[in-house]
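Note sheet for the following structure.
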Amino acid sequence: QVQLVEPGGGSVRPGESLRLSCQVSGRIFATDAAGWFRQAPGKEREFVATISRGSLTTVYEDSVKGRFVISRDNAKNLLYLQMTDLKPEDTAVYYCNVDSNFYQLRQAGNYALWGQGTQVTVSS
């Protein structure tokens, strides 16, 4: 069974940067696509970004395009999300997940198993 651990959150001011990481175990990470999701208070969990197994293809939610970069290190089973120019509306708990099907990662509702997530708070 896959295990997902997401350290690296924190509190920052608007305009600052933060990098999240996700340690994946229990699956052959290099054969999976991977993605980031987030859930703000009172809102549904939403897709943020996804990356193909070989890093050739990435897709971003419109509001983070140009500010967030998803990447991965298959040798270390690590997924990353570099977040720049953070805004208060980016405040949420961030989660990662993996799937053999790249396109499934566009929908958070496809997954019942999640890690504990990591809190990102953007506030002045």
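Just the heavy atoms: all of them, side chains too, but no hydrogens, waters or symmetry mates, feed the values below.
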Taking every non-hydrogen atom, the tightest pair across Val69 and Tyr60: CA-OH, 3.3 Å
Residue pairs, two or more places apart or on separate chains, that pass disulfide bond (SG atoms under 2.5 Å apart) and touch residues 34-89: none
From CA spacing to verdict: side chain to side chain contact (heavy atoms under 4.5 Å, CB included), Leu20, Thr118: CA-CA 8 Å; Leu20 306 182; Thr118 186; 4.0 Å; yes
Disulfide bond (SG atoms under 2.5 Å apart) contacts touching residues 41-72 (sequence neighbours left out): none
Pairs touching residues 47-58 that satisfy side-chain hydrogen bond (donor to acceptor under 3.5 Å, both in side chains), sequence neighbours left out: none
side-chain contact (heavy atoms from CB on, under 4.5 Å) partners for Asp99, two or more places apart: Asn101, Gln104, Leu105, Tyr111
Gap between atom CZ of Phe68 and atom CG of Leu86 - 0.5 Å precision: 5.0 Å
Gap between atom OH of Tyr95 and atom CG of Leu81 - 0.5 Å precision: 15.0 Å
Distance in Å, Ser21 OG paired with Leu79 CG, rounded so as to fall on 0.5 Å steps: 8.5 Å
Non-hydrogen side-chain atoms of Pro88 and Ser123 separated by less than 4.5 Å: no
Listed partners of Arg106 passing side chain to side chain donor-acceptor pair (under 3.5 Å), at least two apart: none
Glu16: side-chain contact (heavy atoms from CB on, under 4.5 Å) partners, not counting sequence neighbours: Val12, Arg13
N/O donor-acceptor pair under 3.5 Å between Gln3 side chain and Arg27 backbone: no
Side chain to side chain donor-acceptor pair (under 3.5 Å) against Asn97, all qualifying residues, sequence neighbours excluded: none
What side-chain donor-acceptor pairs closer than 3.5 Å can you find for residues 35-48, not counting sequence neighbours?
from, atom 1, to, atom 2, distance (Å)
Trp36, NE1, Tyr80, O, 3.0
Arg38, NE, Glu46, OE2, 2.7
Arg38, NH1, Asp90, OD1, 2.9
Arg38, NH1, Tyr94, OH, 3.0
Arg38, NH2, Glu46, OE2, 3.4
Arg38, NH2, Ser63, OG, 3.3
Gln39, OE1, Arg45, NE, 3.2
Gln39, OE1, Arg45, NH2, 3.2
Gln39, NE2, Lys43, O, 3.1

Contact list for residues 6-69, test disulfide bond (SG atoms under 2.5 Å apart), sequence neighbours left out: Cys22-Cys96
Closest non-hydrogen atom pair, Glu6 against Leu4: OE1-O, 3.9 Å
Gln119: partners by side chain to side chain donor-acceptor pair (under 3.5 Å), with sequence neighbours left out: Thr121
Contacts of type side-chain contact (heavy atoms from CB on, under 4.5 Å), residue Thr31, not counting sequence neighbours: Ile28
Residue pair Phe29 / Arg72, side-chain heavy-atom distance below 4.5 Å: yes
N/O donor-acceptor pair under 3.5 Å between Thr84 side chain and Ser17 backbone: no
Minimum side-chain heavy-atom gap Val98-Val2 below 4.5 Å: yes
Asp85: salt bridge (Lys or Arg N to Asp or Glu O under 4.0 Å) partners, not counting sequence neighbours: Lys87
Sidechain-backbone polar pair: Asp32 side chain, Ala34 backbone, donor-acceptor under 3.5 Å: no
